[in-house]
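Notes follow once the structure below has been shown.
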Amino acid sequence: MKKTDILIIGGGPAGIQSTRTVKTLSPETSVTVLRPEENSVIYCAIPYAIEGMFGVDKVKKSDELVTGVGAELIREKAVKVDFNTKIVTTESGEEINYKKLFIVTGAKPFVPPIPGSNLKGIFTIKTIPDTERIIEKLKDAKKAVVIGAGAIGIEQAQAYAEKGLETYLIDMADRPIPAMVDKDFGEFAVEELEKQGIKLRFGVALKEFKGSEFVEKVVLGNGEEIDINPGKDIVILSVGMKPEVKLFENTGLNIDKDGIVVNEKMETNIEDVYAAGDVCQFYSVIDKKIISGKLATNAVPMAKVMAKNAIGIEDYYPGFVNGAVTVVGERRFGGTGFTEDFAKKRGFDVITGYGETTSRFPMMPGAKPVKVKIVVDKESKRVIGGQVVGYEAVAERIDVITFAIQNHMTVKQLSKLSYSAQPWQTFFPARNAIVQACDDILNKLRKM
Ligand SMILES: Cc1cc2nc3c(=O)[nH]c(=O)nc-3n(C[C@H](O)[C@H](O)[C@H](O)COP(=O)(O)OP(=O)(O)OC[C@H]3O[C@@H](n4cnc5c(N)ncnc54)[C@H](O)[C@@H]3O)c2cc1C
């Protein structure tokens with residue numbers, strides 16, 4: 001029987017990162033990775049491959065990322081796990097005995113249990129075959145209906161519009177990218193989507209799909225029916241992800257609604273079994289309550305923590321902040337921590353502030369507006385959220401706010417941010433939009 005020190009089930013960002021961390025810090029530890037698909041995937045770039053910006057080959061990662069650090073890659077699916085004997089069985093019947101097991105099986109697109117959701121012509125997107133199927137369909141399709149206006153849904157809707165399809169974007173929330181921005185900043189995204197001719201339906205839920213073999217109508221909660229040319233047009237479900245935990249059901253592994261339950265060392269309830277990335281359920285760094293965080297930028301740091309603890313270097317994962325960014329038309333959008341809307345739903349009494357500058361000195365070519373919104377918990381004065389909309393350097397600003405949230409900074413502390421200034425890259429030294437938003441809040445607090 002094959003034996004390995006660490007067996008990793010899954011070859012996504014968490015699988016790759018944990019492999020590399022173990023092999024870098026402990027080259028003598030043997031690592032075996034099980035990954036069924038031909039290639040690991042750069043998921044974030046899929047919408048742009050669909051748009052035709054580059055070929056599908058460009059979203060395939062090289063196996064070198066795993067094999068180049070001395071790990072063994074086995075292109076197989078795990079089909080059985082026995083935590084008592086520490087043996088994992090692959091599809092071909094090979095048995096692998098591990099000392100420590102990393103579960104990094106990720107998540108798959110959620111298909112809502114509504115009538116007609118199994119009809120042909122309804123797609124989800126995650127894998128290379130999913131991407132290739134959609135690209136093939138685009139040769140004939142005249143219409144695309146995208147359900148879900150999160151970042152992935154929005155990026156796809158724009159790809160279909162760019163390809164010349166009549167495109168609908170539907171979300172039950174009252175705005176696009178609802179987990180990232182509040183309605184006030186969402187309005188800028190609406191403006192950008194409308195400019196691209198995308199037909200928007202917000203604040204309305206998907207009710208059902210009608211059709212016989214193929215989907216023929218998308219029916220919304222307000223009674224509207226969108227006709228679909230059966231077998232030609234496409235409907236895309238982009239309404240969230242579900243952890244890939246089927247293999248571990250009824251094994252004694254502690255699994256909750258959003259995935260495998262782990263502690264801050266990424267340990268599960270079973271000895272020598274760890275989990276990280278999209279397959280896990282974890283909590284927010286802000287209030288320590290469970291929150292969804294299925295992002296590659298969460299999977300990677302979780303995987304580092306998991307790998308270190310497994311080889312005896314103690315480390316802790318503090319929780320999700322969920323900083324994320326996207327592009328809608330000409331503008332870039334970002335959000336981190338809680339939106340004002342979400343913070344209120346979580347029971348916070350919040351105060352918000354705004355800052356606005358240009359992205360370069362105003363007289364410089366290409367200077368464009370940048371707006372920042374900061375959300376603060378009134379009681380503790382801690383920064384718990386931030387949003388940025390602009391035309392450049394949005395991700396960098398989001399990361400600054402994320403760092404403040406992660407470190408439980410108060411609005412006063414963030415208002416003291418020491419920043420840089422230069423005509424091509426920032427506004428005048430006199431003002432920084434993040435600091436301005438914090439000062440706005442401090443002024444409001446003073447008047448209370
Ligand atoms: C279209 C799209 C765009 C995205 N854009 C962004 C973005 O811009 N920014 C961002 O941060 N995140 C983005 N994400 C999310 C990000 O891709 C995920 O959070 C990330 O891939 C999670 O990594 P993971 O390693 O936990 O899981 P995954 O990447 O899902 O990897 C899971 C791995 O486990 C394997 N596996 C599953 N079951 C088994 C089994 N039984 N045996 C063996 N192997 C198994 C899978 O085949 C896969 O290799 C995007 C996702 C999609 C789909």
Side-chain angles (χ1 to χ4, degrees), residues 7-19 32-51 59-61 63 65-66 73-81 88-92 94 96 101-110 123-131 134 146 148 150-156 159 177 180 236-249 259-260 262 266 275-280 282 292-303 306 320-327 332-334 336 395 398 402:
L7 178 62
I8 303 183
I9 308 182
I16 294 171
Q17 183 58 55
S18 53
T19 302
T32 306
V33 179
L34 285 179
R35 187 196 76 203
E37 63 269 24
E38 191 57 30
N39 296 92
S40 290
V41 185
I42 305 166
Y43 301 102
C44 316
I46 286 178
Y48 303 102
I50 290 175
E51 191 175 314
V59 305
K60 296 177 181 169
K61 288 185 193 171
D63 288 348
L65 287 166
V66 169
L73 173 66
I74 301 180
R75 270 198 183 74
E76 282 232 50
K77 195 172 180 172
V79 292
K80 198 172 146 219
V81 179
V88 170
T89 311
T90 71
E91 218 163 13
S92 70
E94 183 174 10
I96 307 171
L101 181 68
F102 292 178
I103 301 173
V104 281
T105 46
K108 57 183 177 199
F110 174 62
F123 298 86
T124 55
I125 191 136
K126 169 97 196 227
T127 63
I128 295 279
D130 292 342
T131 311
I134 287 175
V146 179
I152 299 173
I154 283 218
E155 288 168 12
Q156 284 192 73
I177 32 175
M180 212 181 264
I236 311 282
L237 283 171
S238 186
V239 291
M241 307 295 282
K242 262 184 88 73
E244 185 67 83
V245 289
K246 205 166 171 24
L247 180 60
F248 312 102
E249 279 164 3
I260 298 172
V262 287
M266 302 289 111
D278 278 8
V279 75
C280 289
F282 213 73
S292 182
K294 306 220 179 292
L295 289 168
T297 46
N298 290 335
V300 168
M302 283 172 122
M306 170 176 72
F320 295 144
V321 190
N322 287 336
V325 289
T326 191
V327 174
R332 277 126 175 82
F333 292 79
T336 182
I398 285 297
T402 295

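Along the sequence shown, residues are numbered consecutively beginning with 1. Both counts, for ligands and for their atoms, begin at 1 and track the order of listing.
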Pick one of side chain, backbone, both or neither for how Lys77 approaches ligand 1, counting any non-hydrogen atom pair under 4.0 Å.
-> both
Which of the numbered atoms in ligand 1 are below 4.0 angstrom from a heavy atom of Leu34?
-> 43 (C), 44 (N)
Mark up the atoms of ligand 1 that fall under 4.0 Å of a heavy atom belonging to Val104, in ascending order.
-> 32 (C), 33 (C), 34 (O)
Rounded to the nearest 0.5 Å, the CZ atom of Phe248 sits from the OG1 atom of Thr105 at a distance of 4.5 Å
What atoms in ligand 1 come closer than 4.0 Å to a heavy atom of Arg35?
-> 49 (O)
How far apart are the closest heavy atoms of Leu34 and Val88, and which atoms are they?
-> CD1-CG1, 4.0 Å
Report yes or no: does Lys294 contribute a side-chain atom to a donor-acceptor pair with the main-chain N or O of Lys242 at less than 3.5 Å?
-> no
Kindly say whether Asn298 contributes a backbone atom to a donor-acceptor pair with the side chain of Asn322 at under 3.5 angstrom?
-> no
Considering only heavy atoms of Thr297, which atoms of ligand 1 have at least one such atom less than 4.0 Å away?
-> 11 (O)
Heavy atoms, side chains only, cut-off 4.5 Å: are Val81 and Leu101 in contact?
-> yes
Report the nearest protein non-hydrogen atom to atom 41 (N) of ligand 1: residue, atom name, distance rounded to 0.1 Å.
-> Ala78 O, 3.1 Å
Could you state the interatomic distance from NZ (Lys108) to CD (Glu244), rounded to the nearest 0.5 Å?
-> 4.5 Å
Using a strict 4.0 Å cut-off to heavy atoms of Ile9, name the atoms of ligand 1 that fall inside it.
-> 40 (C), 42 (N), 43 (C), 44 (N)
For atom 16 (C) of ligand 1, closest protein heavy-atom neighbour | Ala296 N, 3.6 Å
Protein heavy-atom partner closest to atom 45 (C) of ligand 1 - residue, atom, separation in Å = Pro36 CD, 3.8 Å
Do you know the tightest heavy-atom contact between Val104 and Ala276?
-> CG1-O, 3.5 Å
For atom 17 (O) of ligand 1, which protein heavy atom lies nearest, and how many Å away is it?
-> Tyr43 CD1, 3.1 Å
For atom 38 (N) of ligand 1, what's the nearest protein heavy atom and its distance?
-> Thr105 CG2, 3.5 Å
Can you tell me how far the CD1 atom of Ile152 sits from the CD1 atom of Ile236, to the nearest 0.5 Å?
-> 12.0 Å
Heavy atom of the protein closest to atom 27 (O) of ligand 1 (residue, atom name, distance) | Gly106 CA, 3.2 Å
Just let me know how Ala107 lines up against ligand 1, side chain, backbone, both or neither, with a heavy-atom cut-off below 4.0 Å.
-> backbone
Short N/O distance, under 3.5 Å, between Ala276 and ligand 1?
-> no
Could you tell me if any non-hydrogen atom of Ile152 lies under 4.0 Å from any atom of ligand 1?
-> yes
Just let me know how Glu37 lines up against ligand 1, side chain, backbone, both or neither, with a heavy-atom cut-off below 4.0 Å.
-> side chain
Enumerated ligand 1 atoms positioned under 4.0 Å from heavy atoms of Lys294 = 15 (C), 19 (O)
State the atoms of ligand 1, each with its element, that fall below the 4.0 Å cut-off from a heavy-atom position in Ile125.
-> 53 (C)
Sole residue of Val33, Leu65, Asp63, Val300 in side chain to side chain contact (heavy atoms under 4.5 Å, CB included) with Ile16 | Leu65
Going by atom types alone, do Thr127 and Glu37 pair a side-chain donor with an acceptor below 3.5 Å?
-> no
Does any non-hydrogen side-chain atom of Thr19 lie less than 4.5 Å from one of Ile8?
-> yes
Taking both backbone and side-chain atoms of Gly11, is any N or O found less than 3.5 Å from an N or O belonging to ligand 1?
-> yes
Between Val325 and Gly334, what is the shortest heavy-atom contact and its length?
-> CG1-CA, 3.8 Å
For atom 13 (C) of ligand 1, what's the nearest protein heavy atom and its distance?
-> Cys44 SG, 3.7 Å
For residues Ser40 and Gly11, report the shortest heavy-atom separation together with the two atoms involved.
-> OG-O, 2.6 Å
Has ligand 1 got any nitrogen or oxygen that is less than 3.5 angstrom from a nitrogen or oxygen of Ala14?
-> yes
At what distance is the nearest protein heavy atom to atom 18 (C) of ligand 1, and which residue and atom is it?
-> Asp278 OD2, 3.2 Å
Would you check the N or O atoms of Glu76, main chain and side chain alike, for any that come under 3.5 Å of an N or O of ligand 1?
-> no
Tell me, yes or no, whether the heavy-atom count around Lys61 atom NZ, taken from other residues, nucleotides or ligands under 6.0 Å, exceeds 12.
-> yes
Glu244 N/O under 3.5 Å from ligand 1 N/O | no
With rounding to the nearest 0.5 Å, note down the distance linking CD1 in Ile103 to CE in Met306.
-> 9.5 Å
The atoms of ligand 1 lying under 4.0 Å from a heavy atom of Gly277, numbered in the order shown, are 26 (O)
